[in-house]
Amino acid sequence: MAISVDRVYQKVLALANKEQRGYITPQEFNLFADHAQMDIFEQYFYDLEQRQRAPGNELDYADMVTNLEEKISMFEIYDQGAGVQAGGEIHLSGLSDLYRLGVVQAVYPGQPTKIVEQVQLNEISRYENSPLGMWTESRPIYSKFSTTNTPVVIKIYPIPASVSVSYIRKPKKPNWTYLISGSKNALYNPSATDHQDFELHSSEENNLVLKILQLAGIAIKDFQLTGVAGQEEAKGIQQEKQ
């Protein structure tokens, strides 16, 4: 379930204005909101790597690895078709929401779908010149690189008939949309076509509020506000580790 962008904004305003510390405009909030959401999202992958090294809890609901995987799973896209260009290149720049590439699958005539193994670009010549390592339709490989005009390109060896990819997408940018009233006040407008709630797991609402307050404190040069938000965030992290 999405987190209401308006509810987060109202909480941020209430806490920032509690001691007359300044007003956060909708434009500022939207910038801070996107930054905060991406910070939390990217932290999932770091935390997952760290947690996977530690013993799990037999109770799935209390297992931090399971919880993190659940939060990440909301952004997983499966079997997205990708066009094969001349030379076996697949340009993934069309996937504007691509964050991390997952499984790449290739189809060759008369064969079942194959999972393609990734190798580093500088290893291709070694595979090509090795009788045992040479790619085949039964064991295809791919390398990933970028060009001046295309940020994400994969090349599959041998060239397949069709390709599909699974990946983790980036969360959509939150956007608190509004109308300007006669008094020049911004009035919340959830009906706007570009309105967007936060996409993170509902449990992240308080984390979003605190992170946005930290960013706001820096913007309005109120480091006391930044410090208070940081202390609250640290408390929450400590509770998660217990």
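Just so it is clear, the model here is predicted, and its values are computed rather than measured.
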Minimum heavy-atom distance [X]-[Y], with the two atoms named:
| X | Y | result |
| --- | --- | --- |
| G87 | I159 | C-CD1, 3.6 Å |
| A216 | I24 | CB-CD1, 3.4 Å |
| I180 | A186 | CD1-CA, 4.2 Å |
| A82 | L92 | CB-CD2, 4.3 Å |
| K211 | A36 | CB-CB, 3.8 Å |
| S143 | I124 | CB-CD1, 4.1 Å |

Practice task
Determine, using ring centers only, whether Y188 and H195 are less than 6.0 Å apart.
Solution key: yes
[Y] reachable from [X] in the ILVMFWY side-chain graph, under 4.5 Å edges:
| X | Y | result |
| --- | --- | --- |
| V163 | V107 | no |
| M38 | I72 | yes |
| F45 | L208 | yes |
| I156 | M134 | no |
| V165 | V103 | no |

Using a 4.5 Å cut-off on heavy atoms from C-beta on, say whether the side chain of [Y] contacts that of [X].
| X | Y | value |
| --- | --- | --- |
| V12 | F32 | no |
| K71 | L200 | no |
| D39 | H35 | yes |
| V65 | L48 | yes |
| D34 | P174 | yes |

What's the separation between atom [atom1] in [X] and atom [atom2] in [Y], rounded to the nearest 0.5 Å?
| X | Y | atom1 | atom2 | result |
| --- | --- | --- | --- | --- |
| S125 | L121 | OG | CG | 9.0 Å |
| I77 | F75 | CD1 | CZ | 10.0 Å |
| I141 | E128 | CD1 | CD | 9.0 Å |
| I212 | L13 | CD1 | CG | 10.0 Å |
| I90 | L95 | CD1 | CG | 11.5 Å |
| F29 | L215 | CZ | CG | 11.0 Å |

For the backbone of [Y] and the side chain of [X], can you confirm whether one donor and one acceptor N or O come within less than 3.5 Å of each other?
| X | Y | result |
| --- | --- | --- |
| N175 | D194 | yes |
| Y108 | P158 | yes |
| E28 | T25 | yes |
| R139 | E117 | no |
| Q37 | K172 | yes |

Practice task
Give a yes or no on this: more than 12 heavy atoms of other residues, nucleotides or ligands lie within 6.0 Å of atom NZ of K173.
Solution key: no
Handout entry: Test ring-ring contact (aromatic ring centres under 6.0 Å, His included) applied to Y157 - qualifying residues, sequence neighbours left out
Key = W135
Exercise for the section: Give the C-alpha distance, both sets of side-chain angles, the deciding distance and a yes or no for ring pair (Phe, Tyr, Trp, His ring centres under 6.0 Å) between Y9 and W176. Expected result: CA-CA 8 Å; Y9 188 25; W176 191 87; 4.7 Å; yes
Problem - Test log, rule side-chain contact (heavy atoms from CB on, under 4.5 Å), inputs S166 and E76 - result: CA-CA 7 Å; S166 297; E76 293 178 339; over 6 Å; no
Practice task
Walk me through it: do I115 and V104 pass the test side-chain contact (heavy atoms from CB on, under 4.5 Å)?
Solution key: CA-CA 6 Å; I115 294 178; V104 176; over 6 Å; no
Exercise for the section: Please check if any side-chain donor atom of D6 sits under 3.5 Å from a side-chain acceptor atom of Q10, or the reverse. Expected result: yes
Exercise for the section: Report yes or no: do D97 and Y167 form a side-chain donor-acceptor pair below 3.5 Å? Expected result: yes
Handout entry: Working for side-chain contact (heavy atoms from CB on, under 4.5 Å), residues L101 and V152
Key = CA-CA 10 Å; L101 185 63; V152 184; 5.7 Å; no
Handout entry: Connected-component partners of L179 among ILVMFWY, side-chain separation under 4.5 Å
Key = none
Handout entry: Single hit among F198, Y46, Y99 for ring-ring contact (aromatic ring centres under 6.0 Å, His included) with F41
Key = Y99
Practice task
Report the C-alpha distance between Q80 and R169 in whole Å, list the side-chain angles of each, state the deciding distance to 0.1 Å, and finish with yes or no for side-chain contact (heavy atoms from CB on, under 4.5 Å).
Solution key: CA-CA 12 Å; Q80 178 74 37; R169 68 172 180 84; over 6 Å; no
